[in-house]
Each structure stands twice: as C-alpha cells, then as structure tokens.
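See below for the structure under consideration.
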There are 2 protein chains.
Amino acid sequence: MSEMIERYRKIIEESGQKFTKQKQLILETILEVNRHISANEIFNLVKNKNIGLATVYRALNSFTELGILKRIKIDNTSYYELKIYSGKVLHVHFICKYCKNILDINDKNLILEYIKLNNLVENNFDVEVQDADIMLVGVCSSCSNKK
Amino acid sequence: MSEMIERYRKIIEESGQKFTKQKQLILETILEVNRHISANEIFNLVKNKNIGLATVYRALNSFTELGILKRIKIDNTSYYELKIYSGKVLHVHFICKYCKNILDINDKNLILEYIKLNNLVENNFDVEVQDADIMLVGVCSSCSNKK
DNA sequence: CTTGATGCAAAGGATTTGCACAAAT
DNA sequence: ATTTGTGCAAATCCTTTGCATCAAG
C-alpha cells in the first residue's frame, strides 16, 4: 500500500470508521486519475470490481467530511479532488464557459494573495474563514482563439 | 412599474424575449425579498397567482443568461440574487458551516483587491476572467460564541 | 396571425436511503 | 459477537422537457 493510502487509512480509522477494500479502491482510483472526478466516473472505473454506486457516494461523502477530499460543483454534478497531502493550501479554479474545462490556479503568489484577503475578511466581518472555494468563470485561450 | 423593472424589461425585450406578467412578477418578488432566494421559495410566493414551477425555472434560467441574476449553489439547490444595477461588481459570499447563513462580503476595498487578483490570473494563465464566484466557508461569530 | 410563453404532468439526473446480507474488529 | 459497511433497488430532491393551450406583438 502506498504511503498516501496509509495516511488516508489512518485518518479514516481514527474517525472510527472501517477502512474497507471498497474505500481503498476508491481512494486509489482518485489518486490515479489525479484530476477532478465525479462519483459516476469513479463508479465506472470500479464497477467491474463489484462496488455499488451508493458505496461510492457514501465513501465520497465520508472522505469529504474527513477533509480528505474537496468537493466542487459544476452544473448539477459534484466533482472531487484530493485535498490534504496534495500540497495545496487553497483551491482556486477557473472554468471556461464554452469548453467547461477546469484549470487549477496554482501559482504560489496568487494563492498567497488570496489567503491575505481571506484574513482581511476575517478581521472586517468577525468570522473565521476555514476554507475558500474560488471559481473564476470566463474564456480560456483556446476557446478565445476559435472565435 | 418601478424604474428597476423597466430596466430589466428593456434587457429582456432587447434579447428578443417577451416581457410577460409572469416574468415581471418573478422579478418583483426577487426585488422585494432582497436576498438569496431559491426557485422553490419564489414559487411558493407566487403560486397563488397561477404561475407554474416550470415557468419560474425557465424565467430564472433566462434571467441568469441575460446577466440579470446571479446563481449560487448551496448543497444541491440554486439560489438567485440580482446582479446588475444592484451596485455590486463581484460576488463574494461567506457561508457558516453550522447555521448555513450566508453573508454578503461587500466591503469595497476587499472587492477591489479581489478584482486585482483576478487580473493577475488573467495575465498569468492567459484566460479572460468574466466573473468570479467566491465562497468563503467557516464559522460566523454567532455560532462561534455558542461553542 | 404567428411565434414564443405558459401550466401541467411526466421525465431526467444526481444523490440518498431502507433493508437484508456481508465483512471488519 | 457486535457493529459498521455494502449492494441493490426504490425513493427523493431539484430541474428540465413535451405538449396542448394561451397570450404578446
């Protein structure tokens, strides 16, 4: 078992839940694809191994609550990506309104600026910001050139 | 008819669509509540006037496309708020993970900072940012005091 | 008139849930 | 053994769509 999976196992077991074959398989699948993936896509990748769609949903919900996964919504579907131990502090995404492709905005300086802003919000609005979903919407260069 | 409604009417008619009683009523309802409101909530406020739920959804989709409304998703439901002529440039929201209340982050300086960051993203990632959905997640002061 | 809009009910898609069975500690 | 997880199918919730009718320009 990979080091990653070992860490997730620890988190899951420490929460009182059992670390089952199904959960491991689902985690491995997400690790492998290494991009935003939906419950249904995961299901299609694992259904030959006798895993039900409900199990996939239950696992994804559980992992999200435990902070292992990050859920982002596009139209009416949830997509998931690994959250902790993935080297990311904050999630900033850009979605192209035409091709619907999602870009990860991973520039370190930008992310740091965003975090500063979150701190400003905390001070000005008397709240505690624990997470930020930032979705920028616009036109990617590829779709821009097609016009 | 209020000045606001007149402006929306213009936008709707210029897009080639008809400005019907139903659309007017839905717009007036959103204007009145002056907060995030779901299709179902709107429907409950207008159903006694013989408007179907489908009409509400069709109007909301149309208004969103025309840029009159802004759609934000919470859990599996869409909420809408007036976008243009509402004095807002960019939409930054804070949601409390406990009470699920949504705060509008309307501080002018903060918003301007966010816009600057969007411009940085445009330059660094070769995209055109047209809109930004920023949802901060955390704990509001009220829920924080209850612990 | 002609075209687009509406209301209703049915369909659709994503997600959740009830239940009997299986597997983990 | 006991408790939690699973697979399946049915149920649920939000949203969209087909169709006959209605209303706006």
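So you know, we letter chains A, B, ... as the sequences are listed, proteins then strands, and number each from 1.
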Considering only side-chain heavy atoms of [X], which listed nucleotide, [options], is closest?
X: A:A54; options: D:dG7, D:dT16, C:dT17; answer: C:dT17
X: A:K18; options: D:dT6, D:dT15, D:dT3; answer: D:dT3
X: A:T55; options: D:dG7, D:dG5, C:dT15; answer: D:dG7
X: B:I51; options: C:dG7, C:dT25, D:dA24; answer: C:dG7

At less than 4.0 Å, is any side-chain N or O atom of [X] found next to OP1 or OP2 of [N]? Yes or no.
X: B:Q17; N: C:dT3; value: no
X: A:T20; N: D:dT6; value: yes
X: A:K21; N: C:dA23; value: no
X: A:N61; N: C:dT16; value: yes
X: A:Y57; N: C:dT16; value: no
X: B:S78; N: D:dT15; value: yes
X: B:K73; N: D:dC14; value: no

**Report entry** Heavy atoms from other residues, nucleotides or ligands near NZ of A:K10 exceed 12 (cutoff 6.0 Å)
**Finding:** no

Query raised in the report: Hey, is NZ on B:K21 packed in by over 12 heavy atoms from elsewhere, all under 6.0 Å?
Result: no

Query raised in the report: For A:R58 and A:S38, take the nucleotide of DNA chain C holding the closest heavy atom to each; which residue's nucleotide lies nearer the 5' end?
Result: A:S38

Requested in this report: Indicate whether the side chain of B:S38 and that of B:E41 have a donor and an acceptor atom separated by less than 3.5 Å.
Outcome: yes

Query raised in the report: A:E28 and A:Q24: side-chain donor and acceptor closer than 3.5 Å?
Result: yes

Requested in this report: Answer with base, sugar-phosphate or nothing: what part of the nucleic acid does A:N50 contact at a heavy-atom distance below 4.0 Å?
Outcome: sugar-phosphate

Report summary line: Result for side-chain contact (heavy atoms from CB on, under 4.5 Å) between B:I95 and one of B:L136, B:I102, B:L103 points to B:I102

Query - Whole angstrom value for the distance that separates C1' of C:dT16 from CG of B:D75 - result: 13 Å

